[in-house]
Amino acid sequence: MRFYMKQKVWSWREEFSICDEQGVPRYYVRGELFSWGHKLHIYEPGGREIAYLEQKLWSFLHRFRIYITGSLAAEIAEQFAWFSRRYQVLGPGWDVAGDVFSHEYSIDAPFGPVAHVSKEWFTWGDSYCINVLSPENEILAICVALGIDCCLADSN
């Protein structure tokens, strides 16, 4: 299933809306306004929080913890590389492969691809297409794309 993630441009905090292929809002993302590091809450349209991302501070490379329904589900860990960005998703054992700088990458599990993320250029604010191949990986794949976007925003 394809999801379209769009960042709100005129906002004091990080805010995204995530819609499905028909343009129906599926999730809303709100960052905390005054916090140390990035903290993003993901809500269903009814207002129920389903996931939470928190940047791990005091780390040499970027790290984000992903909580789904209150429990730790995974951690995004930036890997050292000389002229590129590499990420691993600890917990499910996923790798992020591709050109992260140009926002064209895939999220792969040991059994095969999980999702493909691509940035849509020439839009007002950051916009991404997230093609999730399996419905059970939907929330975690969206959280990984959000975490990598935060890492790249910090690097700029």
Side-chain angles (χ1 to χ4, degrees), residues 1-11 13-32 38-55 62-79 84-156:
M1 175 168 228
R2 288 187 194 271
F3 294 95
Y4 296 96
M5 183 170 73
K6 175 108 174 107
Q7 183 178 22
K8 290 189 179 181
V9 178
W10 303 108
S11 177
R13 56 184 166 192
E14 295 171 302
E15 290 191 57
F16 294 87
S17 60
I18 301 171
C19 299
D20 61 14
E21 293 174 286
Q22 289 77 31
V24 177
R26 295 284 303 270
Y27 306 106
Y28 298 100
V29 181
R30 286 206 177 94
E32 291 184 11
H38 295 277
K39 293 181 181 177
L40 303 173
H41 300 270
I42 300 154
Y43 301 98
E44 290 180 329
R48 184 175 71 97
E49 181 179 272
I50 55 169
Y52 170 70
L53 274 84
E54 177 179 46
Q55 184 176 6
H62 290 103
R63 291 179 90 81
F64 278 86
R65 290 187 179 126
I66 301 171
Y67 297 90
I68 297 177
T69 62
S71 62
L72 182 65
E75 185 171 339
I76 303 168
E78 183 177 15
Q79 304 296 304
S84 65
R85 298 258 186 232
R86 298 194 63 223
Y87 300 92
Q88 281 188 317
V89 184
L90 308 173
W94 296 353
D95 278 321
V96 177
D99 190 357
V100 176
F101 276 127
S102 67
H103 304 276
E104 281 287 333
Y105 57 91
S106 64
I107 303 168
D108 301 315
F111 56 83
V114 174
H116 182 77
V117 180
S118 61
K119 184 170 184 170
E120 297 189 355
W121 298 96
F122 308 111
T123 60
W124 191 257
D126 287 340
S127 296
Y128 297 94
C129 176
I130 305 167
N131 187 12
V132 181
L133 302 177
S134 178
E136 66 265 5
N137 297 322
E138 180 177 304
I139 299 298
L140 189 55
I142 288 171
C143 289
V144 169
L146 281 166
I148 291 174
D149 179 65
C150 289
C151 292
L152 293 173
D154 281 352
S155 299
N156 291 337

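Not measured: the values here are computed from a predicted model.
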Engineer: Of the non-hydrogen atoms in Ala74 and Pro92, which two are nearest, and what is the gap between them?
Structural biologist: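 Reported closest heavy-atom pair: CB-CD, 3.7 Å.
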
Engineer: For the residue pair Phe64 and Cys150, what are the closest heavy atoms and their distance?
Structural biologist: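 Minimum heavy-atom contact is CZ-CB, 3.5 Å.
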
Engineer: Would you name the heavy atoms of Asp108 and Pro113 that are closest together and state the gap between them?
Structural biologist: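 It is OD1-CA, 3.5 Å.
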
Engineer: Run the numbers on Tyr87 and Val144 for side chain to side chain contact (heavy atoms under 4.5 Å, CB included), then give the verdict.
Structural biologist: CA-CA 10 Å; Tyr87 300 92; Val144 169; over 6 Å; no

Engineer: Give a yes or no answer on whether the side chain of Gln79 reaches the backbone of Ala77 with a donor-acceptor pair at less than 3.5 Å.
Structural biologist: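 Judged by distance alone, yes, a pair lies under 3.5 Å.
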
Engineer: Indicate yes or no: at least one non-hydrogen side-chain atom of Val96 is less than 4.5 angstrom from one of Ile76.
Structural biologist: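 Answer no - side chains too far apart.
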
Engineer: Measure the spacing between CG of Leu146 and CD of Gln7 and express it to the nearest 0.5 Å.
Structural biologist: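 Leu146 atom CG to Gln7 atom CD measures 10.0 Å (nearest 0.5 Å).
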
Engineer: Output the distance between atom CE (Met5) and atom OG (Ser17), rounded to the nearest 0.5 Å.
Structural biologist: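 If we round to the nearest 0.5 Å, Met5:CE and Ser17:OG are 9.5 Å apart.
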
Engineer: As a quick check of understanding, evaluate side chain to side chain contact (heavy atoms under 4.5 Å, CB included) for Ile142 and Ile18, giving each step before the final call.
Structural biologist: CA-CA 9 Å; Ile142 288 171; Ile18 301 171; 3.5 Å; yes

Engineer: Give a yes or no answer on whether the side chain of His41 reaches the backbone of Gly31 with a donor-acceptor pair at less than 3.5 Å.
Structural biologist: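 Side chain of His41 to backbone of Gly31, a donor-acceptor pair under 3.5 Å: no, none is there.
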
Engineer: For Ile42, run the side-chain contact (heavy atoms from CB on, under 4.5 Å) check against Ile50, Ile68, Ile139 and tell me which one passes.
Structural biologist: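 Exactly one pass, corresponding to Ile50.
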
Engineer: Which atoms form the tightest heavy-atom contact between Cys19 and Pro25, and what is the distance?
Structural biologist: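 What the structure gives for the nearest pair is SG-CA, 3.9 Å.
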
Engineer: Write down the atom of Arg2, the atom of Asn131, and the distance for their closest heavy-atom approach.
Structural biologist: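 Smallest heavy-atom distance, with atoms named: CG-OD1, 3.8 Å.
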
Engineer: Out of curiosity, Ile66 CD1 to Leu140 CG, how far, rounded to the nearest 0.5 Å?
Structural biologist: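 If I round to the nearest 0.5 Å, the distance is 5.0 Å.
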
Engineer: Please round to the nearest 0.5 Å and tell me the distance separating atom SG of Cys129 and atom CD of Glu120.
Structural biologist: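 One gets 6.0 Å once the value is rounded to the nearest 0.5 Å.
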
Engineer: Work out which heavy atom in Val117 is nearest to a heavy atom in Ala145; give both atom names and the distance.
Structural biologist: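 Nearest pair, atom of Val117 first, then Ala145: CG2-CB, 4.2 Å.
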
Engineer: Would you indicate whether Arg86, at its atom CZ, is surrounded by more than 12 heavy atoms from other residues, nucleotides or ligands within a distance under 6.0 Å?
Structural biologist: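 No, the 6.0 Å shell around CZ holds no more than 12 heavy atoms from other groups.
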
Engineer: Distance check, rounded to the nearest 0.5 Å: Leu53 atom CG versus Asp149 atom CG?
Structural biologist: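 Here the rounded value is 11.0 Å.
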
Engineer: Looking at CH2 of Trp94 and CD of Gln88, how far apart are the two atoms once the value is rounded to the nearest 0.5 Å?
Structural biologist: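 If I round to the nearest 0.5 Å, the distance is 13.5 Å.
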
